[in-house]
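Working notes for the structure below.
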There are 2 protein chains.
Amino acid sequence: MLTKRRAALLGLVVDEYIDTATPVSSRALAARHGLGVSTATIRSELARLEDEGYIAQPHTSAGRVPLDRGYRLYVEEIMAEEPVGLNEQRTIAHQFHQAEPRLDDWLGLAATLLAGSVTNIAVIARPQGQDVRLRHVQLVELTADSVLVVAVLEDGRVLQRIASLGQPVDQDALAVLARRLSARLVGSDAAAGRVLAEELAGDEQRIALATAELLDESHQAGETYVEGLRAALEQPEFSSVQRMLEAVRHLQAYELLHTLPDPQQIGRGATRVVIGHENGSPWLQDWSMVVSAFGDRDGAVGTIAVLGPTRMRYGYTIPRVRYVAALISSLLERMHR
Amino acid sequence: MLTKRRAALLGLVVDEYIDTATPVSSRALAARHGLGVSTATIRSELARLEDEGYIAQPHTSAGRVPLDRGYRLYVEEIMAEEPVGLNEQRTIAHQFHQAEPRLDDWLGLAATLLAGSVTNIAVIARPQGQDVRLRHVQLVELTADSVLVVAVLEDGRVLQRIASLGQPVDQDALAVLARRLSARLVGSDAAAGRVLAEELAGDEQRIALATAELLDESHQAGETYVEGLRAALEQPEFSSVQRMLEAVRHLQAYELLHTLPDPQQIGRGATRVVIGHENGSPWLQDWSMVVSAFGDRDGAVGTIAVLGPTRMRYGYTIPRVRYVAALISSLLERMHR
DNA sequence: TCTAGCACTCTCGGGTGGCGAGTGCTAACC
DNA sequence: GGTTAGCACTCGCCACCCGAGAGTGCTAGA
């Protein structure tokens with residue numbers, strides 16, 4: 001059974017360790033926080049916490065270090081969140097309102113701001129293979145023999161692709177074709193585009209195919225934004241070349257993408273913390289993730305996460321991830337409206 | 001005076017050092033390359049090369065390491081280039097032809113391919129503040145009260161921006177406005193766009209302003225593509241945490257941008273090698289750069305560079321940088337045609 | 001139940017010595 | 001004069017040892 005005192009003590013150990021990155025001794029705890037008991041008492045309590053699997057000592061004559069289980073309890077029951085202050089909120093929101101109203105720009109900006117704010121790695125992803133539907137197609141004459149296909153997707157992205165033609169087309173024919181494409185393809189996906197292309201021929205077919213490819217691309221793209229590598233690497237956990245190289249090796253967009261939880265399972269507004277071994281990948285054994293999802297009222301469309309050593313300022317990071325996710329969601333809704 | 005034999009010896013020292021990353025001893029030289037002389041002779045020649053400032057020894061009982069001056073001579077007179085094989089050319093060119101015909105995509109791809117090929121950092125930049133002119137404007141109706149402004153630039157980029165309107169516009173009015181914008185703005189820049197906006201009012205003004213902003217953006221963007229950090233960091237020069245952190249700290253896009261030479265001064269088809277202290281920045285003292293420029297027949301529009309430790313495979317890197325730059329130039333020309 | 005005291009364990013940093021790699025120098029040789 | 005063999009010398013690297021310090025667990029007593 002975990003007494004109240006031991007839980008509080010665990011909280012102090014985690015706080016202290018997050019702060020100093022060195023094993024926490026009974027003396028340090030007694031000195032920094034005026035607990036009414038002696039170091040000997042603290043030691044016996046620490047021993048109990050160790051028995052229960054919350055903390056451990058790296059070697060006999062060292063202080064205590066939190067284990068994943070300790071962090072888990074800390075995150076769920078003990079820690080105090082440090083809410084995002086009004087000023088901070090304003091500073092962040094301001095930057096978004098100054099940026100281009102484009103999802104891609106927003107996500108890049110969000111990654112940068114978030115990484116800077118929590119001095120860890122921020123990962124933002126639109127998941128792959130998601131069902132993205134077409135909201136709008138337009139054809140723009142570029143040169144005599146090429147046409148720009150512009151597709152607006154339901155999630156607000158605008159994609160474009162150049163289709164080169166066999167022969168010149170006139171503006172009117174394009175307008176007709178655009179209407180036809182819209183009529184058939186709005187609300188559907190690449191497969192429908194390819195079916196339609198089959199029915200057409202010549203340049204019309206090319207354009208329809210380009211549209212289908214555009215929709216394909218929207219699937220696969222799943223652009224991932226990763227920022228904050230530098231800040232993360234400055235932390236003491238990477239003070240050896242091997243650890244550092246290993247981190248740099250694994251922190252590739254495509255690898256991260258597969259380790260992020262599915263945004264659908266998290267739900268908008270919620271945050272989830274994944275600690276150490278709870279991550280599937282072996283290389284993430286001593287990393288933690290704070291994950292949230294963003295999207296418009298139709299559901300979650302992407303994941304926003306902060307990645308860092310398990311020794312992470314959870315109480316500080318979690319509200320900030322949540323805030324940025326909520327901000328993007330609200331921007332998305334405003335854009336769609 | 002540098003005799004022929006000493007020059008050849010310098011070449012061997014550099015080759016060997018590039019290969020092994022450890023100071024080169026007289027014995028190693030005698031063993032690997034069947035020079036017809038003994039190690040004692042080699043030693044005395046090495047001593048002369050040291051007097052002349054081409055090489056140095058890190059400490060008394062160590063072999064020789066090339067100095068910047070040694071690399072310089074090596075690059076200019078001694079080294080043998082390793083040309084890009086036909087197969088390699090085909091593999092690379094193939095990937096470009098498969099990619100979207102979009103400058104941004106090409107540059108990203110080029111950075112990735114180049115970095116992989118030379119296992120160092122590839123930096124590709126379109127320089128900022130360059131005079132980009134408009135080739136084409138089109139307006140696309142998105143929703144009742146928003147219009148997508150699509151601008152095609154002379155360098156082949158397609159930019160877009162959403163302008164929201166005060167009241168619904170009909171397709172015909174848009175077409176008229178698009179023609180007017182084109183008539184006035186093709187071949188000119190953001191300033192002209194703003195002048196035109198002054199003459200208009202209401203939604204027309206908004207759209208003209210959006211167009212001007214688009215042209216502004218094209219100036220500032222100066223997108224920089226940096227790839228290959230991981231591969232570079234695996235090299236032995238970064239075997240200490242400080243060196244590694246320093247590298248990661250400085251390798252930020254905006255910082256690199258300012259250290260790249262002006263593409264105009266290099267000229268298309270040419271390559272320039274900047275070795276160690278020849279770089280302005282103090283942190284680049286033991287880095288080298290192989291730089292080339294790309295562009296269409298109207299001139300150079302961007303820089304393509306490989307960045308790595310001074311101990312770099314120059315003979316291998318230079319032809320590859322040149323090849324990729326030429327490839328992009330030819331793709332650009334084909335696109336503009 | 002808490003505390004003071006104490007023996008014990010383990011890391012970390014500094015100092016030492018031997019080893020090996022390479023060099024420069026010198027004297028002899030072609 | 002250029003080349004070579006031999007040798008003394010220098011210096012970095014590494015393994016090893018040792019002492020100091022930090023921190024613990026245990027025990028006996030309040």
Side-chain angles (χ1 to χ4, degrees), chain A residues 1-10 12-14 16-17 19-67 70 236-237 239-241, chain B residues 1-10 12-13 16-17 19-67 70 236-237 239-241 243:
Chain A
M1 237 289 303
L2 190 69
T3 65
K4 213 162 178 181
R5 187 170 77 174
R6 271 209 292 288
L9 201 56
L10 175 59
L12 293 180
V13 170
V14 177
E16 190 75 13
Y17 184 67
D19 198 34
T20 63
T22 46
V24 183
S25 71
S26 54
R27 175 144 37 88
L29 289 172
R32 286 236 204 167
H33 319 271
L35 304 154
V37 291
S38 77
T39 58
T41 309
I42 298 177
R43 276 204 292 281
S44 81
E45 291 288 60
L46 291 177
R48 301 283 304 267
L49 282 169
E50 183 160 3
D51 290 342
E52 287 159 347
Y54 294 112
I55 57 180
Q57 26 185 182
H59 58 86
T60 327
S61 74
R64 257 63 175 219
V65 161
L67 295 179
E237 356 282 302
S239 57
S240 93
V241 180
Chain B
M1 236 291 300
L2 190 70
T3 65
K4 213 163 177 180
R5 187 171 75 172
R6 270 208 291 289
L9 201 55
L10 175 59
L12 293 181
V13 170
E16 190 74 12
Y17 184 67
D19 198 32
T20 64
T22 46
V24 183
S25 72
S26 54
R27 176 147 35 90
L29 289 171
R32 288 239 204 164
H33 319 270
L35 303 153
V37 292
S38 77
T39 59
T41 309
I42 297 176
R43 277 203 292 280
S44 80
E45 291 287 61
L46 290 178
R48 302 282 306 266
L49 282 169
E50 183 159 1
D51 291 341
E52 287 159 347
Y54 295 112
I55 57 180
Q57 26 186 353
H59 58 87
T60 329
S61 73
R64 259 56 177 225
V65 161
L67 294 178
E237 357 282 302
S239 57
S240 91
V241 180
R243 309 283 267 114

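Chain A is the first sequence line, chain B the second, and so forth, proteins listed ahead of strands; every chain is numbered from 1. Computed from a prediction, not measured in an experiment: that's the story for all the values here.
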In whole angstroms, the gap separating P of dA22(D) from NE2 of H59(A) amounts to 13 Å
Worksheet item: Between R5(A) and dT1(C), does any side-chain N or O lie under 4.0 Å from OP1 or OP2?
Response: no
Here the distance between atom P of dG24(C) and atom CG of L49(B), to the nearest Å, is 12 Å
Closest non-hydrogen atoms of P23(A) and P58(A), given as atom of the first, atom of the second and distance, are CG-CG, 3.9 Å
Is any side-chain nitrogen or oxygen of Q57(B) closer than 4.0 Å to OP1 or OP2 of dG24(C)? yes
(message) What's S25(B) touching, base or sugar-phosphate or nothing? Going by heavy atoms closer than 4.0 Å.
(response) sugar-phosphate
note: R64(B), atom CZ; dC11(D), atom P; distance rounded to Å ~ 14 Å
Scanning both residues in full, the closest heavy-atom pair of Y17(B) with P66(B) reads CD2-CD, 3.4 Å
- Query: Side-chain N or O of S38(B) less than 4.0 angstrom from OP1 or OP2 on dT4(D)?
  - Reply: yes
Review point. Just checking S26(B): base, sugar-phosphate only, or nothing, at a heavy-atom cut-off of under 4.0 Å?
Key: sugar-phosphate
In whole angstroms, the gap separating P of dG25(D) from CD of E50(A) amounts to 7 Å
Between L46(A) and E45(B), the residue closer to the 5' end of DNA chain D by nearest nucleotide is E45(B)
**Message:** Under 4.0 Å, heavy atoms only, any strand: does S61(B) hit a base, just the sugar-phosphate, or nothing?
**Reply:** base
- Is R243(B) salt-bridged to E237(B), cutoff N-O under 4.0 Å? no
I42(B) CD1 to dT4(D) P, in whole Å, measures 9 Å
Testing dT3(C), dT10(D), dC26(D) for proximity to the side chain of R43(A), the answer is dC26(D)
Checklist entry - So what does R48(A) hit on the nucleic acid, given a heavy-atom distance under 4.0 Å: a base, only sugar-phosphate, or nothing? => result nothing
Taken in chain and number order and not counting sequence neighbours, the residues that satisfy side-chain contact (heavy atoms from CB on, under 4.5 Å) with I42(B) are L9(B), S26(B), L29(B), A30(B), L35(B), V37(B), L46(B)
The nucleotide from dC10(C), dT3(C), dT3(D) with an atom nearest the side chain of A40(A) is dT3(C)
Handout entry: Sub-4.5 Å side-chain heavy-atom contact between V24(B) and R32(B)
Key = no
Comparing nearest nucleotides in DNA chain D, the 5'-proximal residue of the pair T41(B), T60(B) is T41(B)
From CG of D51(A) across to C1' of dT24(D) the rounded distance in Å is 14 Å
OP1 or OP2 of dG22(C) versus the side-chain N and O atoms of R27(B): is any pair under 4.0 Å?
yes
